[in-house]
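Keep in mind that this is a model prediction, so the values were computed, not measured.
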Amino acid sequence: MEGKAENLRCDCLVIHEKIVSKVKEAMPQEENLYDLAELFKVFGDTTRIKILWALSEAEMCVCDLAFLLNMTQSAISHQLRILKQCRLVKNRKEGKIVFYALDDEHIKGIFSQGMLHVKEG
């Protein structure tokens with residue numbers, strides 16, 4: 001397998017200037033790329049994915065999420081805090097109960113696209 005990997009390197013001495021320039025112009029700012037990478041890191045945790053899936057179906061409180069996922073309220077709250085910091089979820093208070101939902105339709109879209117990709121294979 002190592003021999004194949006060596007054969008994949010680029011041996012050309014010519015830089016395709018038009019392509020490189022086009023891509024360079026379109027390249028987002030470093031800070032935006034960093035933020036995007038951080039966003040995708042948040043999706044790298046199964047518990048957070050389960051929470052996002054549940055919230056894509058309905059607004060829920062911590063107690064409901066804890067019961068659904070068979071976890072402690074403390075563990076759910078910890079994950080919700082991370083999701084909220086990344087602006088993936090929002091909350092609203094109704095009396096003493098705090099309900100959580102996906103922050104906006106973009107989140108549902110990202111999540112849906114990811115599921116389509118996973119099921120595609």
Side-chain angles (χ1 to χ4, degrees):
M1 185 127 181
E2 285 181 16
K4 285 185 179 181
E6 288 178 19
N7 292 336
L8 294 177
R9 68 186 169 150
C10 184
D11 288 329
C12 70
L13 300 174
V14 177
I15 294 176
H16 302 92
E17 291 182 34
K18 287 182 182 177
I19 295 171
V20 172
S21 293
K22 179 183 172 186
V23 172
K24 189 175 184 176
E25 281 182 36
M27 184 78 71
Q29 292 179 356
E30 191 71 28
E31 182 180 326
N32 292 337
L33 291 171
Y34 175 83
D35 291 344
L36 182 61
E38 290 299 309
L39 172 68
F40 283 120
K41 282 182 191 177
V42 173
F43 284 100
D45 180 87
T46 306
T47 300
R48 290 192 289 266
I49 290 295
K50 289 177 183 178
I51 292 169
L52 290 169
W53 177 260
L55 296 179
S56 74
E57 295 295 314
E59 182 180 66
M60 299 177 80
C61 70
V62 174
C63 298
D64 292 340
L65 286 164
F67 181 78
L68 175 70
L69 301 179
N70 195 29
M71 296 177 67
T72 65
Q73 290 180 25
S74 175
I76 294 295
S77 292
H78 173 72
Q79 297 302 334
L80 285 168
R81 191 170 20 262
I82 292 168
L83 292 169
K84 193 172 177 195
Q85 286 172 346
C86 293
R87 297 182 0 245
L88 295 175
V89 300
K90 61 184 176 185
N91 64 357
R92 71 171 182 85
K93 242 181 160 177
E94 192 173 292
K96 292 183 178 183
I97 301 173
V98 179
F99 288 95
Y100 291 86
L102 295 182
D103 191 69
D104 60 32
E105 285 300 310
H106 293 112
I107 307 312
K108 196 167 191 170
I110 292 167
F111 202 71
S112 296
Q113 288 295 311
M115 286 303 291
L116 284 173
H117 181 72
V118 167
K119 289 180 179 180
E120 192 175 79

Apart from Ile15 itself, residues in the same hydrophobic cluster as defined by side-chain heavy atoms under 4.5 Å = Val20
request  = Run through Leu55, Ile107, Leu102, Leu88 and flag the one making a side chain to side chain contact (heavy atoms under 4.5 Å, CB included) with Leu83.
outcome  = Leu88
task = Establish whether Val98 and Val62 are linked, either directly or via other cluster members, by ILVMFWY side-chain heavy-atom contacts under 4.5 Å.
result = yes
query = Shared ILVMFWY cluster between Met71 and Leu68, side chains joined below 4.5 angstrom?
reply = yes
task = Enter the distance from Ile97:CD1 to Met60:CE here, rounded to the nearest 0.5 Å.
result = 12.5 Å
query = OG/Ser74 to CD/Gln79 distance, rounded to the nearest 0.5 angstrom?
reply = 10.0 Å
query = Could you state the interatomic distance from CD (Glu59) to NZ (Lys90), rounded to the nearest 0.5 Å?
reply = 8.5 Å
ask   = Hey, what do you get for CG (Leu52) to CG (Leu80), rounding to the nearest 0.5 Å?
value = 9.0 Å
request  = Treating Ile, Leu, Val, Met, Phe, Trp and Tyr as nodes and any side-chain heavy-atom pair under 4.5 angstrom as an edge, say whether Phe99 and Val89 lie in one connected cluster.
outcome  = no
inquiry  = Using the rule that Ile, Leu, Val, Met, Phe, Trp and Tyr join whenever any side-chain heavy atoms are under 4.5 Å apart, tell me whether Phe43 and Ile51 fall into a single cluster.
reply    = yes
task = Hey, could you give me each pair passing salt bridge (charged side-chain N to carboxylate O under 4.0 Å, His left out) that has a residue in residues 45-55? Not counting sequence neighbours.
result = none
ask   = So, Ser56 side chain and Trp53 main chain: donor-acceptor pair closer than 3.5 Å or not?
value = yes
ask   = What is the distance from atom SG of Cys61 to atom NZ of Lys96, rounded to the nearest 0.5 Å?
value = 14.5 Å
Listing, residues 23-40 side-chain donor-acceptor contacts under 3.5 Å, not counting sequence neighbours, or none:
{"from": "Glu38", "atom 1": "OE2", "to": "Lys41", "atom 2": "NZ", "distance (Å)": "2.9"}

